[in-house]
There are 2 protein chains.
Amino acid sequence: MEHSGRVKMSDVARRAGVSVATVSKVVNGRYGVAQATLDRVQQVIADLGYEASLGASSLRSHRTHVVGILVAEFEPFSTELLKGASEAIGSTEYELLAYSGGGRRTDVGWERRYLSRLGGTLIDGAIIVTPTVVDAHSVIPVVAIDPHTGPTGLPTVDSDNFAGAVMAVEHLVALGHRRIGLMGGRPDLESARLREAGFRAALQAAGLEVDESLVVNGGFRPETATQPARELLDRPDRPTAIFAANDLSAIRTIEVARELGLRVPDDLSVIGFDNVPESALCEPPLTTISQPLRDIGARALHLLIDLLDDKHDKDVPTHLQLPTALVERSSCRALA
Amino acid sequence: MEHSGRVKMSDVARRAGVSVATVSKVVNGRYGVAQATLDRVQQVIADLGYEASLGASSLRSHRTHVVGILVAEFEPFSTELLKGASEAIGSTEYELLAYSGGGRRTDVGWERRYLSRLGGTLIDGAIIVTPTVVDAHSVIPVVAIDPHTGPTGLPTVDSDNFAGAVMAVEHLVALGHRRIGLMGGRPDLESARLREAGFRAALQAAGLEVDESLVVNGGFRPETATQPARELLDRPDRPTAIFAANDLSAIRTIEVARELGLRVPDDLSVIGFDNVPESALCEPPLTTISQPLRDIGARALHLLIDLLDDKHDKDVPTHLQLPTALVERSSCRALA
DNA sequence: ATGAAAGCGCTAACAT
DNA sequence: ATGTTAGCGCTTTCAT
């Protein structure tokens, strides 16, 4: 039936005996179409299974009812946010487009690249996950989740990283640990900075000194946490407990510990941060500080939709901060 | 500097003192540009932070180096696949676009709608997750993950659902269970059909009769599993064990059991299917049949890339089937 | 080596 | 109520 490729608006128009303009009106529910024409065109659309090309229509109309969620990579953290956003979008008129680069994902400025690539045409607004380079004045409304250090000027959703880190260290201290290491996160992110600050504050409050040789940078990813974990653990004066700035690096730390012949939690206690589902899959199950990740995703989405629908005062920079909580599992234990 | 909106190719052209055609050549690495011009244009691109609009370029070029993964919803199952695809795309030249509808996600035919909306222009190929309506002859190459009942003609990746289901039931039987219920999945999906078939086959092999009142349809989702779970459990002759066709309905079954005052696994054993990370988070942790979901996502992606790069004989319908395995946790126990 | 011009599929004025 | 026309931002012949 169709010569080559997808059915387009002109196909519908020809078959219905009208102009493409009329089909466009029908598709977009514009007024000024006779009932009979409407019915006929809709019938043809149904018959042919026509659906407007997002690329083409967005190019012209600049309103797509699609929101983007831009991530460097689909990993446990970002996909939890995605689940929350997906659930939240159910109550809206929008569709959800999640975008991630390929191999070159370590490059800085991906968030700006993706925003240029998709913004202005394909998506009406975007949620950017852990952006480091943010131009506050984007073409389209943008909400940041867990952004880089310093004020961004962007509406932001995150959780109380400082309080969470304090909670983690207090838990270790209460368990009798005195020699506590920090597997730090990406230093360009505010969350990592605050977790380190919380770590230091809690130690100080407990009357403990920070041994700087016990503070390493794990970069939030398993690959980047391996070497730092070895540095921390492969030495006679190793810590008895480690606070890792996120679950992924905590899990990697546990793996490295086992490779070195250490038992967790008997020889080493490890506490993480995030409470991604993978933390429960870990052996032993990881004690961690939970962030309400799905809720964060959902809040960010609603914030964005409010921005798009002009239900929000754009002059008030929004910062939603959600609470953290201790989740006790089996990777920490009291010092004998 | 920029009057209004994003920087476009004409802005670059003006600033570099060349035509848009030349800029296009530079951006796309075409030959026929003097070195000096090349340098100058690239400099301007860098200065302005220009990035081509995906919508506009795809409209014209029909080759975007973006692949789509189309899902009804971002939930634990699809996001595991997404993680696998994301990892796999790192070794390619492509970028990844995941698309999901909004509220109307229960409608049938979403896969066709999304394919028309994005295919032909925005994406070069697509992975469709649990499609029920598949037109084998799409405009762009398509790979299906866990498709609907019957032959689709599409390259497909799934796991050995039948063997997995048999394994699940054999486990329950070995534990001494004789009265075993089935929380079935979406009957339009081949995977659900095969899991039910495996359930029946394993019972028969064990010399057990299938009590049809113990076979219900949970629809793979928590919302749709609630009522069927009550039907199964809120009766004097309830089963001592339930095999649920996926983890989400297994988890919901456990929740319903607790609401009814039953203890799991003491009063009821439950085994799931999928091994999504959430299954470990469940209380008690769920015994389940694992599918290598991330691997499935990765395989599907590689298959699609091979199709796009013509490294694959298109006349051979591919069906990759991956193995399942029993994961014992705490939701099943031997009958006293 | 560079630019002018046409057109991808669609929407939005503006005619009729 | 419907059709005509002019683009949206880009790529791609085809001239020059």
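Hydrogens, waters and symmetry mates play no part in the numbers below; they use all other heavy atoms, side chains included. Just so it is clear: chains get the letters A, B, ... in the order the sequence lines come, proteins before strands, and each one is counted from 1.
When all heavy atoms of B:Gly219 and B:Arg186 are compared, the pair lying nearest together is O-CG, 3.5 Å.
Across residues 23-42 of chain A, A:Ser24, A:Asn28, A:Arg30 each have a non-hydrogen atom less than 4.0 Å from an atom of DNA chain C (numbered order). Heavy-atom distances under 4.0 Å link DNA chain D to A:Leu59, A:Arg60 of residues 50-65 of chain A, given in residue order.
Judged purely by atom type and a 3.5 angstrom limit, B:Tyr114 uses its side chain to pair as donor or acceptor with the backbone of B:Gly101. A:Ser86 contributes no side-chain N or O that, together with a main-chain N or O of B:Glu73, makes up a donor-acceptor pair within less than 3.5 Å. Within the 3.5 Å criterion, the main-chain N or O of A:Asp158 finds no donor-acceptor partner in the side chain of A:Asp146.
Annotation: side chain of B:Leu96 is in contact with side chain of B:Val67 (closest heavy-atom distance under 4.5 Å). In this structure, the side chains of B:Val66 and B:Leu122 stay at 4.5 Å or more apart for every pair of heavy atoms. A heavy-atom distance below 4.5 Å is not found between the side chains of B:Leu304 and B:Tyr94. The side-chain heavy atoms of A:Leu81 and A:Arg294, taken from C-beta on, include no pair separated by under 4.5 Å.
Salt bridge present: A:Asp11 and A:Arg14 bring a charged side-chain N and a carboxylate O closer than 4.0 Å.
A donor-acceptor pair shorter than 3.5 Å cannot be found between the side chains of A:Asp39 and A:Gln43.
Mapping heavy-atom proximity under 4.0 Å, the span of DNA chain C touched by chain A runs 5' to 3' from C:dG9 to C:dA12.
Using a 4.0 Å heavy-atom criterion, one finds that A:Thr22 contacts the sugar-phosphate atoms exclusively.
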